[in-house]
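To keep things clear, I will list the structure first and then write my remarks on it.
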Amino acid sequence: MMHRFLLLSLVLLNSVVFAAGPDPAMLAKEQVLHRGNGAEVQTLDPHRSEGVPSANILRDLYEGLTLEAPDGRIVPGTASSWEISEDGRRYTFHIRPEARWSNGDPVTAHDFVYGLRRSVAPETGSKYSQILAPILNAEAVIGGRKPLDTLGVEALDNHTLQITLKAPTPYFLGLLTHSSAYPVHRTSVEKHGDRFSRPGKLVSNGAYRLQEWVIQSHVELVRNPYYWDDADTRIDIVYYYPIEDQSTELKRYRAGEIDITEAIPLQQFRWIRRNLAGELKVSPYLGTYYYGYNLTRPPFRNNPKLRRALSLAINREILVEKITGMGEKPLYSWVPEGIAGYQPARLDYADWPQKKRIAEARRLYAEAGYSRANPLTVEIRYNTSENHKKVAIAIAAMWKQALGVKVRLVNEEWKVFLENRKRKQVTQVFRAGWIGDYNAPYTFMEILKSNHGLNDSAYANPEYDALLADAAVETDAEKRFALLKQAEAIALRDHPVIPLYGYVSKHLVKPWVGNFTPNILDHHYTKNLYILKH
Amino acid sequence: MLGYTLKRLLGAIPTLLILLTLAFFMMRLAPGGPFDTEKSLPPEIQANLDRKYHLDEPLLQQYGRYLWDLLHGDFGPSFQYKDYSVNELIATGFPVSMRLGVAAILIALVIGVTLGTLAALRQNRATDYTVMTLAMTGISIPNFVLAPILILVFAVHLGWLPAGGWNDGQWRNLLLPIVGLALPQIAYIARLMRGSMIEVLHSNAIRTARAKGLPERVVILRHALKPALLPVISFLGPATAAVITGSVVIEQIFGIPGLGRYFVQGALNRDYTLVMGVVVFYGTLIILFNFIVDLLYAALDPRVRYR
């Protein structure tokens, strides 16, 4: 218990140091930030939202019990401190007495109870309520099998909130930064119903409040003067622009209309690296790009040798250097690197030279019954995109060159592709990718669980499932990670998927935007940024 | 005239109904649903969502429900933009698209007619060749190529105009998108106008007018222009449709909050109600516009009126 407090005070101290911020003399007089934001936000209701664009804005508008520091560490948010019970299942949060909603009302523990209950209530229709599954009875409430008040959340008094979990969940504090765990202002939700998230009605508890929202044009946020840490906030107004087209976004960035882009057009990456190198921010992102095998159909059903052979024959280094070329990391593990404290398991041939890999691939390919005279014919299916096409062509060429495999490329529109992947009737090898929901290995590990919604390979290994179940109830972080790593090694041995590379996040950031810090989840709170004189 | 108007109006109803039915079932036939994402939803959550949006009902019942709501002027809630109803989205998007579209058509008309007339008057001379070459280029460059070029030149390199955005509809933000929308139409109209003007100039009526010794200006403006405009007027129907479909691209490129953009995003996201709303709305608009063009035509050409 003691060391937890020590850690916490260290964390607090750290955030104070961070908050000391920039030299006021260096700051521009006008603290206005313009951010590209991909697509139009679907909603500003934190409990019904999904997708990166709305998450970006909600992070400025609302604040959960915990927060992410610029580098991604979890720090206190609306809760100034907390205690965790010995068994790791009960969290007691102390809400800052000075925390206020944007209309001046105090933020209380009751607001969090209301918010968390609303988030899991079936009639809310949340897509992401699953994030709160670790909370006691959350899953039963979502499924309508238990009443709302059985949810393991309780306000002990106005400033003390107790959350009881189903099982110890070491990454629980990180989950609380997700919009599903944000509080909402009860009186305005009850008064305005589904429309509470409109400008003029939305009451928020974060560093900013909603000023204007012209759909498909921009969202304007202004500083919330009641925010508890307003003194350390620099930017007064932030504009978010929905710009789906990456080339358009780049043009608007070059024309000086946007300070931070949400993405970068792949085709112009070389040009950008030559001409805007100083403004280009590329950093590892918590995502994997992989190919899945459909294990329910031939040729991959019960054919681990063939699966391993094809994986061996892919030269991931060439893939990231010559094909994608934006600084991606070749991936030999299932969980990408960069999760604090977790060292992923690796494919056993990760350190082999390419020659040895090819020789082994040929041997396995022959053992699986194929040869130059009797080659494998296989299909790679991907969702329509220049980037995916380039990767697929390269892999087809590698397979052909090393083994003589004949590859057919099929591309489909996104939703059609997803449906085919899920139905598992026509797919053989399919393209996939996953961005972690939170900074813990489990967000990747669970995908290969036998009944998981993203397990389009239909991988089912009871051993793997059992290890994950053991890890879920293990309170000791080290032992837990060991169990997960063991499971990861099993999945890598079985080859239900081919990990290809780890994603990178890419932005263009004007030189006058201060404190833009890369982090693995690619979350950038506006309150941590500032505009330098320019 | 009244009978003709009524007949045309009543004829529009089955057209609209067919359009609506086709769109409804085509949307539903497309694989994938509005809530599908990479990670399948737990069945309970999927059920909660389906119930909320009545997607758990049989398809015919959904269709009936949609028609019933539509009769009451309700396009339903948007699946994607959860904070807004489709009615609200159309109400905010349409004025924007209309401003662009009307401006583009007017500009295209004025410039196209002028250029076409000039070319016809100087037939087979340098002016004619220049106008026609420009028109040919204008027709053959699609606006998804034209728009980025305009942005690169006028916004990125010269810095005269913004590269995109709406900015409450200031003229600086409107200029490039309007040009992008109008240029291909200018080209079409100029070609049409040139052709019909040449034809009219060779007609007996004009020969008579000239024989009477009327000044050339009067011959052109009073006697030739009106009949020469007829094909252009009838082209206004398709031109409106072209501007509407063009705005889908232009709005996307310039980041303009118009209706066209909803159409693209709605279709990709299987936002059934939004796509249906835009289809029905634009369908009605195009039918209505063609109808107005017909009336205009009748007003200009007595032969149509008495048929």
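Per chain, numbering begins at 1; letters A, B, ... match sequence-line order. Everything numeric in this text was worked out from a predicted model, so none of it was measured.
If you measure heavy-atom distances from Glu249(A) to chain B, you find no contacts under 4.5 Å at all. Both the backbone and the side chain of Leu44(A) come within contact range of chain B, each with at least one heavy atom under 4.5 Å from a heavy atom of that chain. Using a 4.5 Å cut-off between heavy atoms, Asp437(A) touches chain B through its side chain atoms alone. Proximity to chain B is limited to the side chain of Trp434(A), based on heavy atoms less than 4.5 angstrom apart. Interface residue Glu446(A): only side-chain heavy atoms are found under 4.5 Å from chain B. In this structure, the portion of Thr124(A) lying under 4.5 Å from any heavy atom of chain B is its backbone and not its side chain. If you measure heavy-atom distances from Arg195(A) to chain B, the contacts under 4.5 Å come from the side chain alone. Only the backbone of Glu139(A) comes within contact range of chain B, judged by heavy atoms closer than 4.5 Å. In this structure, chain B has heavy atoms under 4.5 Å from both the backbone and the side chain of Gln130(A). Proximity to chain B (any heavy atom under 4.5 Å) is shown, for Arg48(A), by both the backbone and the side chain.
Two residues are said to be in side-chain contact when any heavy atoms from C-beta on lie closer than 4.5 Å; Glu413(A) and Leu268(B) meet this criterion. Contact annotation: the side chain of Arg261(B) approaches that of Pro242(A) to within less than 4.5 Å [non-hydrogen atoms, C-beta and beyond].
Counting heavy-atom pairs closer than 4.5 Å to chain B, the top residue among Ser197(A), Ser247(A), Ala432(A), Ala255(A) is Ser197(A). Ranked by heavy-atom pairs under 4.5 Å with chain B, the list Glu50(A), His452(A), Glu244(A) is led by Glu244(A). Annotation: maximal heavy-atom pairing with chain A below 4.5 Å, among Gly32(B), Ala155(B), Gly255(B), Ala163(B), occurs at Ala163(B). With respect to chain A, the highest number of heavy-atom pairs below 4.5 Å among Tyr84(B), Phe254(B), Tyr262(B) belongs to Tyr84(B). Each of Glu251(B), Gln252(B), Lys52(B) has some count of heavy-atom pairs under 4.5 Å with chain A, and the biggest count is that of Lys52(B). The residue among Ile215(A), Ile142(A), Ile243(A) with the most heavy atom pairs within less than 4.5 Å of chain B is Ile215(A). Contact count against chain B (heavy-atom pairs under 4.5 Å) is highest for Thr248(A) among Thr248(A), Val214(A), Asp245(A).
Summarising the local packing, OH of Tyr66(B) is surrounded by more than 12 heavy atoms from other residues, nucleotides or ligands at distances under 6.0 Å. More than 12 non-hydrogen atoms from other residues, nucleotides or ligands lie less than 6.0 angstrom from NZ of Lys201(A). Taking a 6.0 Å sphere around CH2 of Trp160(B), one finds it holds 12 or fewer heavy atoms contributed by other residues, nucleotides or ligands.
Interatomic distance, Leu49(B) CG to Ser126(A) OG, rounded to the nearest 0.5 Å: 8.0 Å.
The shortest non-hydrogen separation linking Pro148(B) to Lys251(A) is CB-NZ, 3.8 Å. Asp45(A) and Asp83(B) make their closest contact through N-OD2, 4.2 Å (heavy atoms, listed as atom of the first residue, atom of the second, distance). Closest heavy-atom contact between Gln265(B) and Gln216(A): CG-NE2, 4.5 Å.
The backbone N or O of Phe35(B) sits less than 3.5 Å from a side-chain atom of Lys127(A), completing a donor-acceptor pair.
Residues of residues 415-422 of chain A lying within less than 4.5 angstrom of chain B, judged on heavy atoms, are Lys415(A), Val416(A), Leu418(A), Glu419(A), Arg421(A), Lys422(A) in numerical order.
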